[in-house]
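To keep things clear, I will list the structure first and then write my remarks on it.
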Amino acid sequence: MQLPALYLKRGEDTRLRGGHLWVFSNEVDVQRSPLSGFEVGQACAIVDSRDKPIGVGYVNPNSLICARLVNRGLEHALDKSLIVHRLKVALALRERLFGEPYYRLVFGESDGLPGLTVDRFGDVIVAQTTTAGMERMIEAITEAIVKVIKPRQLWWKNDSSARSMEGLPEYADLGVGEPASEPMIVREAGLEFECDPVGGQKTGWFYDQRGNRDCLEHLVKGKRVLDMFSYLGGWGLRAAAYGAGEVVCVDASQPAVDLITRNIERNGLADRVSAVRADAFDYLKALREQRERFDVVILDPPAFVKRKKDLAEGRIAYRRLNELGMQALERDGILITCSCSYHMPRTVLLDGVQQGARHLDRQAQLLWNLQQGPDHPIHPAIVETEYLKGFVLRILPA
Ligand code: SAH
């Protein structure tokens with residue numbers, strides 16, 4: 001197979017040989033292989049300084065991560081048959097893990113398909129590419145998904161802000177199937193949630209938190225639960241199904257609140273769950289003023305730290321949010337707090353909670369560490385694949 005070679009500088013093969021898949025632009029020997037000689041998204045052979053090939057990848061000469069490895073060795077390029085193979089390997093894990101076809105089917109680098117995310121909602125697939133190399137493969141990916149899954153619909157939800165770093169436009173598009181009249185449904189732990197593949201957040205549902213929501217079973221019976229940043233009510237409705245006495249879901253987005261309301265009805269939980277449109281910080285401050293308290297407070301905000309340089313500001317935002325959350329708790333309360341910011345270290349989140357607890361003269365006990373579920377596998381060589389962290393804490397008077 002003849003592919004143009006991307007030569008690395010001496011020593012710059014170590015990370016790739018250790019399992020990572022990314023090449024940064026300053027690691028390329030641009031004397032031997034000028035990046036300007038590559039097309040955006042073009043397939044290449046990644047070769048070390050002693051001319052030993054590492055494998056096949058794809059290039060984006062305009063991106064800081066200028067190449068990603070898709071296969072070790074030079075036998076197979078990224079084509080439909082390799083994608084079919086990777087999809088089957090990914091599917092085997094999910095079928096082993098879950099009794100029903102609702103999961104993240106492909107989690108990018110961790111599933112050997114850098115730059116591709118595929119979520120499955122029964123016979124509806126919502127996929128997203130975040131790199132130019134994967135964008136070029138959209139037809140092959142579509143055919144591969146049709147072959148392996150035979151979906152009724154496949155949506156391309158290519159509107160992630162990460163795409164701008166690769167010079168890609170943002171759009172959402174039906175790739176396969178007919179625009180349907182029936183809503184897209186996700187089933188989780190015996191509940192049904194209606195979601196929106198086009199207008200919804202990300203690819204429609206936060207599968208990464210599913211396993212974490214299981215812990216509610218032990219914490220909410222007969223209790224008052226506050227689900228902040230509730231989106232479609234994943235945490236809140238699960239709490240109600242586990243016997244919570246009263247649940248309030250709060251989200252700033254009106255479309256999200258409208259869908260929660262439908263999901264409350266759909267699951268027959270209207271007697272115990274309500275949904276409110278509000279800014280989380282304003283809502284929590286109002287609770288403090290009114291001295292209204294809950295037994296369980298869930299804080300599952302969007303990423304406050306999107307770039308590394310936002311960490312200083314972001315950690316203050318997490319700390320403030322968690323302090324407000326603790327102030328909304330009864331004397332013996334449970335705080336479930338999460339961060340999906342890759343750049344926010346786990347320890348920094350926990351330190352912020354502890355500092356907030358001291359500031360309010362409370363005592364915290366850490367009951368569970370939370371992480372993304374196993375359909376978002378972590379690649380041990382690629383720290384960037386581990387992004388979701390959270391804690392279940394008991395908060396007591398000091
Ligand atoms: N907890 C959800 C996922 C939350 S995603 C789940 O388990 O599925 C983050 C949510 O926060 C989005 O729905 C977004 O609309 C909402 N949001 C963002 N900023 C907000 C704010 N300032 N106040 C309240 N909600 C906000």
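Start at 1 and go down the list; that is how both ligands and their atoms are numbered. Index from 1, following the sequence.
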Review point. With hydrogens left out, which residues have an atom under 4.0 Å from ligand 1, given that only heavy atoms count?
Key: Gln201, Phe206, Arg213, Phe229, Ser230, Tyr231, Trp235, Asp251, Ala252, Ser253, Ala278, Asp279, Ala280, Asp300, Pro302

Point to revise | Plane angle bin for Phe107 and His376 - parallel if under 30°, tilted between 30 and 60°, otherwise perpendicular | key: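 Rings of His376 and Phe107: tilted, as their planes differ by 30° to 60°.
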
Could you tell me if [Y] and [X] have a donor-acceptor pair between their side chains, going purely by distance under 3.5 Å?
X	Y	result
Asp351	Gln355	no
Asn71	Arg86	yes
Glu135	Thr129	yes
Asn158	Tyr171	yes
Asp119	Trp205	no

